[in-house]
Amino acid sequence: MAQLGLTSDELLTTTRSVRRRLDLDRPVEPEIIEDCLRIALQAPSGSNAQGWHWIVVTDPTLRAGIAECYRRAALPYLDSREVELKAVDGPHAAAHQRVTDSARYLTDNMHRVPVLVLGCLAGDVEQIPAAYQAGYWGSLFPAAWSFMLALRARGLGSAWTTLHLQYAAEVAELLGIPAGYSQGVLLPVAYTLGTDFRPARREPLETVLHRDRW
């Protein structure tokens, strides 16, 4: 499969959450998704348990059902964000507004994204003590990020989304996810409109770096 030829540093610094630039009309070959997932399975997991499961959803009816759950959760959240943004001034206001606008675009078009990938993990998250939550999700999230990096290398993109989890039970019923597994992330996948992504603006390292003590 053709790749973009990015260096490792370029790949790590230009893999963005893609929303507006997802190509909603171009089909995605199943082989590419499987290839990227095989790479994702090389990620670390606690005790090498490899308790992850991946649901690749392409059926239009199922995608629409997931999108509806996502929309019901996302719209109230985005509306509240709009209220908060009216009180924000300074150089970050425009950036926050762009993110909110792109998130609303994805909410409106989630059903059109050609592939939705859900990452699940063995275990009932509601039964896991707070002190173990980081370790629990640490057995899924590195693999999901590896999946996004593999997509980027092949000219595809995604966005890390979790708002649907407000209705995780409905999504589980829709997709037949058995009891004893928790959903951790929803990744809408498509080819990107162009591949010229750049590093994002970030605060200088000096503002968040601490040596030995805070």
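Not measured: the values here are computed from a predicted model.
A donor and an acceptor atom, one from each side chain of R152 and T14, are located under 3.5 Å apart.
A heavy-atom distance below 4.5 Å is not found between the side chains of R16 and R21. Taking 4.5 Å as the limit, some side-chain heavy atom of D101 sits within range of a side-chain heavy atom of R20.
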Report all side-chain donor-acceptor pairs from residues 57-67 shorter than 3.5 Å, counting only partners two or more places apart or in another chain.
from	atom 1	to	atom 2	distance (Å)
D59	OD1	T61	N	3.0
D59	OD1	L62	N	3.0
R63	NE	T58	O	3.0
R63	NH1	H111	O	2.9
R63	NH1	V113	O	2.9

Donor-acceptor contacts, no H, no angles, side chain residues 199-214, under 3.5 Å, sequence neighbours left out:
from	atom 1	to	atom 2	distance (Å)
E203	OE2	H92	NE2	3.4
T207	OG1	P204	O	2.7

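Qualifying ring-ring contact (aromatic ring centres under 6.0 Å, His included) partners for F197, counting only residues two or more places apart in sequence or in other chains: none. Take R112 and apply the salt bridge (charged side-chain N to carboxylate O under 4.0 Å, His left out) test, not counting sequence neighbours, and it matches D25. Take R72 and apply the salt bridge (charged side-chain N to carboxylate O under 4.0 Å, His left out) test, not counting sequence neighbours, and it matches E170.
Atoms CD and CH2, from E34 and W54 in turn, are 14.0 Å apart once rounded to the nearest 0.5 Å.
Taking every heavy atom of both residues into account, L140 and G119 meet most closely at CD2-O, 3.7 Å. Here the closest heavy-atom approach between residue G184 and residue T162 is recorded as O-CG2, 3.6 Å. What you find for V185 and L187 is that their closest heavy atoms are CG2-CD2, 3.8 Å. Nearest approach of V189 to V28, heavy atoms of both residues: O-CG2, 4.4 Å. Here the closest heavy-atom approach between residue S158 and residue L22 is recorded as N-CD2, 4.3 Å. When every heavy atom of L106 is checked against every heavy atom of A159, the shortest pair comes out as CD2-CB, 4.3 Å.
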What do the steps show when you test N48 against Q50 for side chain to side chain contact (heavy atoms under 4.5 Å, CB included), and what is the final call? CA-CA 6 Å; N48 196 29; Q50 304 176 54; 3.2 Å; yes
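Applying the ring-ring contact (aromatic ring centres under 6.0 Å, His included) test to residues at least two apart or on different chains, the pairs with a partner in residues 155-191 are H53-Y181, F141-W160.
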